[in-house]
Amino acid sequence: MLLKQTMLTAALALALCGPAVAQSTGPGDPEAVDEDDGRYYDADGLPTFNIAEDGTVDFPTYSGFRRYHAECHVCHGPDGLGSTYAPSLVQSVRQKSYETFVEVVVNGREHVDSGNRNVMPAFGTNPNVMCYLDDIYTYLRARAQGDLPRGRPANTEPKSDTFSDMENACMG
Ligand code: HEC
């Protein structure tokens, strides 16, 4: 009886997960299941956000908000919403994998059609982006999930010592 139930649960879980995985190559459930000194990870070990019930935002996500608006928003629009020149990154992180996100930001991309030439610059050697790539990703993920409203987060967790150490080491 117990075994049967377990198998049924497993089959149900597969049936529920199957179509979602097949339809999209975006990341899975963004729920944070792991925390390492203020940085959060989902069940797949991908960086994710953590927003408390009172709206307090984890520090890396807040950092991502700041870096996004310093480096990306001129083309991709405020709050990740896209512009006539560059696509919405809120949409993009819903549909594409973390690896794709990293690859495009590091190497850049160019899109040329009849009348237009749209260029995504390569940021691979820019520490203001590379040192904060996971932060930007978690910020966009929170926006994509609908858990983070537009604009500057009002309350944030404090910056951890680990974050400061990694930041100093990365920025050199
Ligand atoms: C100079 C303008 C510009 C800036 C600045 C810029 N981008 Fe882009 N980005 C683009 C354009 C244009 C595209 C679309 C390229 C294409 O159609 O192939 C793009 C595409 C992308 C994509 C792929 C989206 C998809 O779904 O295919 C990602 C991810 C991305 N940008 C991330 C970033 C991040 C993160 C930053 C800031 C660190 C940034 N971009 C800054 C212009 C820019």
Side-chain angles (χ1 to χ4, degrees), residues 19-32 36 38-51 57-153 156-157 159 162-172:
V21 171
Q23 276 166 15
S24 153
T25 53
D29 189 343
E31 190 189 347
D36 184 15
R39 194 176 280 283
Y40 294 84
Y41 297 93
D42 69 11
D44 296 321
L46 296 177
T48 194
F49 57 92
N50 188 60
I51 303 177
V57 172
D58 65 282
F59 190 82
T61 297
Y62 169 67
S63 162
F65 160 83
R66 290 184 48 210
R67 298 291 158 179
Y68 175 86
H69 287 90
E71 306 290 342
C72 320
H73 109 278
V74 59
C75 292
H76 288 281
D79 307 298
L81 293 173
S83 72
T84 50
Y85 184 74
S88 160
L89 295 185
V90 168
Q91 282 294 340
S92 177
V93 300
R94 267 192 206 126
Q95 293 156 356
K96 299 186 179 164
S97 69
Y98 170 71
E99 289 74 16
T100 301
F101 174 82
V102 172
E103 195 278 325
V104 174
V105 181
V106 169
N107 297 316
R109 216 166 68 186
E110 195 169 327
H111 177 80
V112 185
D113 62 28
S114 43
N116 298 306
R117 181 169 170 268
N118 290 0
V119 179
M120 164 64 195
F123 287 99
T125 57
N126 182 339
N128 291 314
V129 174
M130 283 303 115
C131 295
Y132 304 98
L133 200 51
D134 282 354
D135 302 358
I136 296 172
Y137 184 74
T138 61
Y139 163 68
L140 292 170
R141 223 179 158 184
R143 292 278 308 130
Q145 189 64 16
D147 286 3
L148 187 65
R150 295 185 64 170
R152 176 180 290 266
T156 62
E157 285 181 15
K159 190 178 191 172
T162 308
F163 190 99
S164 301
D165 290 348
M166 279 171 50
E167 189 172 32
N168 293 338
C170 185
M171 294 294 282

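Predicted, not measured: the structure shown is a model, and the values here were computed from it. Numbers for residues simply follow the sequence, beginning at 1. In listed order, ligands and their atoms are each counted from 1.
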Give the residue and atom name of whichever protein heavy atom lies nearest to [atom], and the separation in Å to one decimal.
| atom | answer |
| --- | --- |
| atom 33 (C) of ligand 1 | Met120 CE, 3.2 Å |
| atom 41 (C) of ligand 1 | Phe123 CE1, 3.5 Å |
| atom 2 (C) of ligand 1 | Cys75 SG, 1.8 Å |
| atom 23 (C) of ligand 1 | Val104 CG1, 3.8 Å |
| atom 18 (O) of ligand 1 | Arg109 NE, 2.8 Å |
| atom 17 (O) of ligand 1 | His111 CB, 3.2 Å |
| atom 5 (C) of ligand 1 | Glu71 O, 3.4 Å |
| atom 28 (C) of ligand 1 | Leu89 CD2, 3.5 Å |

How does [X] reach ligand 1, if at all, at less than 4.0 Å between non-hydrogen atoms: by side chain, backbone, both, or neither?
| X | value |
| --- | --- |
| His76 | side chain |
| Val119 | backbone |
| Lys96 | side chain |
| Tyr68 | neither |

Practice item. Run the numbers for me: atoms of ligand 1, each under 4.0 Å from some heavy atom of Pro121, listed by number. Key: 1 (C), 3 (C), 4 (C), 6 (C), 7 (N), 43 (C)
Review point. Which atoms of ligand 1 sit under 4.0 Å from any heavy atom of Val105?
Key: 32 (C), 35 (C)
Is a side-chain donor-acceptor pair under 3.5 Å present for [Y] with [X]?
| X | Y | result |
| --- | --- | --- |
| Thr25 | Ser97 | no |
| Tyr98 | Asp134 | yes |
| Glu157 | Tyr62 | no |

Check your understanding: Between CG of Asp79 and NE2 of His69, what distance do you get to the nearest 0.5 Å?
Key ->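 Rounded to the nearest 0.5 Å, the CG-NE2 separation comes out at 4.5 Å.
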Practice item. Quick one: sort the Tyr139 and Tyr68 rings into parallel, tilted or perpendicular, breaks at 30° and 60°. Key: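 Ring orientation, 0 to 90° scale: tilted.
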Review point. Side chains of Val106 and Met130: closer than 4.5 Å at any heavy-atom pair?
Key: yes
Point to revise | Heavy-atom pair with the smallest gap, counting every atom of Asp147 and Ile51 | key: O-CD1, 3.4 Å
Exercise for review: Check the pair Ile136 / Phe101 against side-chain contact (heavy atoms from CB on, under 4.5 Å), numbers first and verdict last.
Suggested key: CA-CA 10 Å; Ile136 296 172; Phe101 174 82; 4.1 Å; yes
**Study point:** Stepwise side-chain contact (heavy atoms from CB on, under 4.5 Å) check, Tyr132 with Met171
**Key:** CA-CA 10 Å; Tyr132 304 98; Met171 294 294 282; 3.9 Å; yes
Practice item. Could you name the option among Ser92, Ala86, Gly108 that has the heavy atom nearest to atom 11 (C) of ligand 1? Key: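 Nearest option to atom 11 (C) of ligand 1, by heavy atoms: Ala86.
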Exercise for review: Identify the residue among Arg66, Arg67, Lys159, Arg39 that makes a salt bridge (charged side-chain N to carboxylate O under 4.0 Å, His left out) with Asp135.
Suggested key: Arg39
Check your understanding: Looking at atom 8 (Fe) of ligand 1, is one of the N, O or S atoms of Cys72 less than 2.8 Å from it?
Key ->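 Coordinating: no.
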